[in-house]
Amino acid sequence: MTRVLEIELNGERRADPIEDNLLLLDYLRETVGLTGTKTGCDGGECGACTVLVDGVPRLSCLTLACSLVHRRVETVEGAGADGMLSAVQRGFHEKLGAQCGYCTPGFVVAATALLRWNADPTDDEIRAALGSNICRCTGYVKIIEAVRHAAALQSKGVRARVARPGSC
Amino acid sequence: MDVLPNFSVTHAASIDDIVRARAAAPDSRLIAGGTDLMVNIRRGIVAPSVLIDVSQVAELRTIRADADAIELGAAVTLAEVAAHPGVQQHFASVAEAAGSIAGPTHRNMGTVGGNLCLDTRCIFYNQSEWWRGAINHCLKTTGAICHVAPKSRGVCFATFSGDLAPALLVHGAEVEVGGPAGRRIFPLERLYIGHARQDRPFSETLGDGKSYLGLRPREFVIAVRAGRTPGLISGYDKIRIRRSIEYPVAGVAVALRRDGPAFADLRIAFTGTNPRPVLLAGTETLRGRSFDEESRDRLEALVRDQVMSMKTTFTPGHYRRRVASVLARRSVARLFERGESD
Amino acid sequence: MNAPLESGIGGYVPMVDGPEKVSGRARYTADLAVRPGTLVARLYRSPYAHAEILEVDVSQATRLPGVRAVITGADCDRTFGVLPIARSEHPLARGKVRYRGEPVAAVAAVDDATAKAAIALIRMKVRELPAYFSAAEALAPDALPIHERKRGNIEREVRFEIGDVAQAFAEADLVQEGTYHCPEVCQNQMEMHAALVDYDAEADRLTVHATTQTPHYIHLMMAHVLELPMSKIRVIKPHVGGGFGARTETLNVELIAALLARKTRGRVRLVVTREETFLTHRGRPESHIRVKIGLRRDGRITGVECDCIQRGGAHSGYGIVTILYAGSLLYGLYDLKHVNYHGVRALTNTPPCGAFRGHGTVNVRFAFESLLDRMAEQLGLDPLSVRRANLLVPPTFTDNDLMVNSYGLPECIDWVERRSGWRERRGRLPRGQGLGFACSHYVSGASKAVNPGSEPNATVKVRLDHDGSVAVLSGAAEIGQGSTTVIAQTVAEVLGLGLDRVHVISGDSDLVPTDNGSYSSRVTFQVGNAALDAARQLKTILLNAAARRLETRVENVECLGEHYRAGAQDTGLSFDEVAAEALRGGTIVVTGTYTTIPESHGGKKYLGAAIGGTMAFSYSAQVVQVSVDEDTGVVNVEKVWVAHDCGKALNRLTVEGQVQGSVWMGMGQAMSEEMGYHEGLMVAANMLDYRVPTIFDSPDIEVGIVESNDPHGPFGAKEAGEGSLAALLPALANAVHDAIGIRFDALPMTPDRILAAIEKRRRGHA
């Protein structure tokens, strides 16, 4: 069945005709052309496709696009502003949290959600937030450093602390 | 892109919507988080013509937990369960189980209903269509034999791996289901019928890894509830090869109450071992005893008799059974000690 | 200390392509904009392990509306394979299928749904043959040959004895033997294999985009298989999501996509699934290793005997190199005098193995260092002292003619000893906790490339542009390891410029000189040296131009990067002015090359024993700390201290990242990763059962950089991305032994295996 998906994507409202069986991952990559979100496995095993839906990390490879009518979706492309890197992106760049870069969008998105509700996470809290994401290059050491660095960068900018979406 | 088979999606707003949608499409499946079902659809294991999205059904989103009782709607996410202060404080096994399922992103998606009804798993089943076809499929799909136990006389040994079920079973939970004939409430233990064992032939009354849920046609889980027994403390522990993302190699929930130096009540439930979560029978024989050597031996004997793991995972069955026993003993010891100070 | 240079050589420099990656702008093959009309390809794979193909019926699939082409083995009779002497694979199977998952037919259709539907309509008739899933089965006397040309299913057998091992054992105070088993493991890089191929019918020209570490090898193989001149093929390597050796040879994925593109006279996109990426395999082979060492009380190793049997899979791939490396790389780490090696590479009905990070050395090193630890204990020697008693003294050649000019192993051992508190803490940790130690090494580029005639070993062009920027044209394949960054840094360093003046153009065969690609840790050393050569030539041109403008002799001109002057009082010229002067004669492109010296090629004294020839070895020493839960068998890797001799850290950030990544990858093999098969069917062909460690399973890895300044390395540099992998496995096993007193000779050390060993010991004591 075809329907029109009205959705807020990286701050912009869109309406796209889609089929019911379209995954959010394929909607982003093929319909919209936002290829930052990656396919890394055959479903739910690697986290490369992580995006935020209403501020909460989700695996877009297991999410149906048609179930997100009027929801707010954020991808790695929406993380920065004015063409500049966000604190999280800068953290990953400067501390070598990205090597081949393929898992990076998923990590950046998950870390972005973490730093919104916890501006100064401990290493254990960083692990707890990134535990659905697999990286094959770094051994995670520099990813943890990258998130710590991002928190420091963020604290120099706007210190926003909001309630964690999805928790009661 | 890996295009999915054709299906349409119905977005339900109420329990009645679900009942109607199920009536209209008998092969329909409910979906909320999709962490189990979508993987199976992507692998061609199931191909429903209609998916009923229940994630926005208000009644299924109920979450309540306090000193008296717990109620979890089927569409409440695992992250919500884990983060709920009432669950954490009064139903620790449930919070600990929910908070340790898969990984953090999975828990933002996966739901109570999905984890309670989690499809049973097996290395010969959770594979692609091509893969399964290469060995002529298996009993759980369209094949003639179980590759885990080729002499099993029609019994499928796929393993139940949900973490919430044991955590709720030790609290004596009941489940409410809806369906064409209305609603009914029954003990959660009866939701699971995968009693099949290697040493017995298949029978309709004793389900197996394929026939593992005690739901009638078109029934679905609405909520799970439990009252709180004063003094009962609980916990959940499990072993995984990796400490995130994957399913338990073995998981154990324990709830107990102490009366001075002795057990007043002891309940233990397992997951990741049998085609159903196993609420250990016979633990009442430990009532009035302290957790001494003989109690430990009795407990181990009960586990040995009731927990049965086959080679349905990469990790050998005998290890899962062995470690289930170890975890049970440890959790009981930990809670028994804590029960004293409480 | 000098202030950090603008090029950042020796500093912590974020990767030049980092912003693209963290912003999601980096395009990988599957991300390339797909025009309307691009066809989608899918593969039909053999469900049989070993069978004679009687018929592949594609008639129904061909008739399906929307299908543009269906091809089978009949469409291509050429074979491919990375080693010219072992081209055993067809892009699509012909005559026989040899493993479950081997591609048999391929479809190009208007969309994915149609392509999938067409695949489901393909029928294959076969006569099944006995299949061999283990080396032992395949090597049995009555086994049928999997390849006609390889009787006995032996891909390669190699034997050498250097010195007199029997005599050496007679002189030892302790001679011990151990057998070790390492299961097959797989790179499982995050990006799945993909190819996008355009066929321009008018020009009869192919443009290939592929997920590869070796675009030039694809170029060569594509020309061979499609029978096109190389000038009719353009190979583009977009961003690549990791490789670790899986992509160091041409894979069937890109060849099939090209065959389909040519047949449909259009544009074909083939992105395979994660399962198919596993099936394409090229991982480290399952290995059975027997090793025997003679040791004296003073710690000296008197002799070594080693047998290695590898299950190679259904095709050759790099197999011959792997089995040779496994023997030759016994050398190069310690001073060994008497060594006997026997290696057998078997062909089996499983997916073909390849060149996984630490190619050849990892499993043998696990066996060797594990046994050495055991023997040190029996003689009451400190494991570090044993290594210190067997150090090489550079410059030297090993007895199998491997050249060693720089050797930072002693410093590596010192560093981990100090940082881990080895002397104070070893033996004093609580029960269940332990420390383990081991060493390893790796080549900085094989001195002889796999393609004959591919000299020089590396070529880099540097172009001075009219806008005052410097373009570096290199065929080196950036796959996340930082090659682009290090090349840019090298050129910037020589010219004294900031990195913003220098940009690297790579990954397009139409633009860049040929390069053998990113494997055997050759890029920093070989391409780095070529970049150095090119940059120095350009600097000479710039100095001469400045001399002309300043009307002085070139020896008087001082280059300060952005500023050239003749003497401290001279106001001098800006770089732009010098560049403009230099460019008055027209475009400036200089070509830098690097050729390894013949002394590094290994001699011919011992057949097969010197194949590890390299210009320089990296060295690594590691201490691993673990705790073991003796009730459940769960091992927790708490901390790793690793010191790596990379000659000179051109970029400390990327060196640390490479060392951490390789140590961690070794941990995956040691702890949880293994391919498993059910009758030749890969059981763990997904990321749930193939257990790559998660962030929860991964310890802090503290890196010490040791700089031995190799005389031939660019600025003294050697490799950093592979040498530390191998030591992790034995260091971890030795730590587990230290914790619970049990030695593990089989990997991975999953809780079930640990607990089984603990319980076996308990029963023994009871």
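Residue numbers start from 1 in every chain, and the chains themselves are labelled A, B, ... in the order their sequence lines are given, proteins ahead of strands.
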Applying a criterion of heavy atom separation less than 4.5 Å, what residues of residues 66-73 of chain A form contacts with chain C?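 Residues in range: none.
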I'd like to know if A:Glu74 pairs up with A:Arg116 as an ion pair, taking the criterion as any Lys NZ or Arg NE/NH1/NH2 lying under 4.0 Å from an Asp or Glu carboxylate oxygen.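 Yes, A:Glu74 and A:Arg116 are salt-bridged.
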Please look at [X] and chain A and tell me whether the side chain, the backbone, both or neither of the residue comes under 4.5 angstrom of a heavy atom of that chain.
X: C:Leu688; value: both
X: C:Phe244; value: side chain
X: C:Phe278; value: neither
X: C:Gln187; value: backbone
X: C:Glu191; value: both
X: C:Asn188; value: both

Please answer whether the main-chain N or O of C:Cys186 pairs with a side-chain N or O of C:Tyr690 as donor and acceptor at a distance below 3.5 Å.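 Present.
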Distance-only, no hydrogens or angles: does the C:Ser662 side chain make a donor-acceptor pair with backbone N or O of C:Val659 under 3.5 Å?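 Pair found, side chain donor or acceptor close to backbone of C:Val659.
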May I ask you to check whether [X] and [Y] show a side-chain donor-acceptor distance below 3.5 Å?
X: C:Ser518; Y: C:Gln481; value: yes
X: C:Gln189; Y: A:Tyr102; value: no
X: A:His149; Y: A:Arg90; value: no
X: C:His193; Y: C:Thr280; value: no

If you tally heavy-atom pairs under 4.5 Å against chain C, which of [options] wins?
options: A:Cys41, A:Gly47, A:Ala98, A:Cys103; answer: A:Cys41
options: A:Glu77, A:Arg136, A:Lys142; answer: A:Arg136
options: A:Pro105, A:Ala128, A:Ser132; answer: A:Ala128

Any pair with a residue in residues 123-134 of chain A that passes salt bridge (Lys or Arg N to Asp or Glu O under 4.0 Å), sequence neighbours left out, goes on the list, sorted by first then second residue, please.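 Found A:Asp123-A:Arg148, A:Asp124-A:Arg127.
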Residue pairs involving residues 23-43 of chain C (criterion salt bridge (Lys or Arg N to Asp or Glu O under 4.0 Å); sequence neighbours excluded):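 Applying salt bridge (Lys or Arg N to Asp or Glu O under 4.0 Å) to every pair that reaches into residues 23-43 of chain C, excluding sequence neighbours, yields A:Arg29-C:Asp31, A:Lys38-C:Asp31, B:Asp2-C:Arg42, C:Arg35-C:Asp198, C:Arg42-C:Asp112.
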If we define contacts as heavy-atom pairs under 4.5 Å, which of C:Asn686, C:Val271, C:Ile479 has the most with chain A?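 Sorted descending by pairs with chain A, the first entry is C:Asn686.
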Of all residues at least two apart in sequence or in a different chain, which pass the ring pair (Phe, Tyr, Trp, His ring centres under 6.0 Å) check with C:Trp664?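 With sequence neighbours excluded, C:Trp664 shows a ring pair (Phe, Tyr, Trp, His ring centres under 6.0 Å) to A:Tyr140, given in chain and number order.
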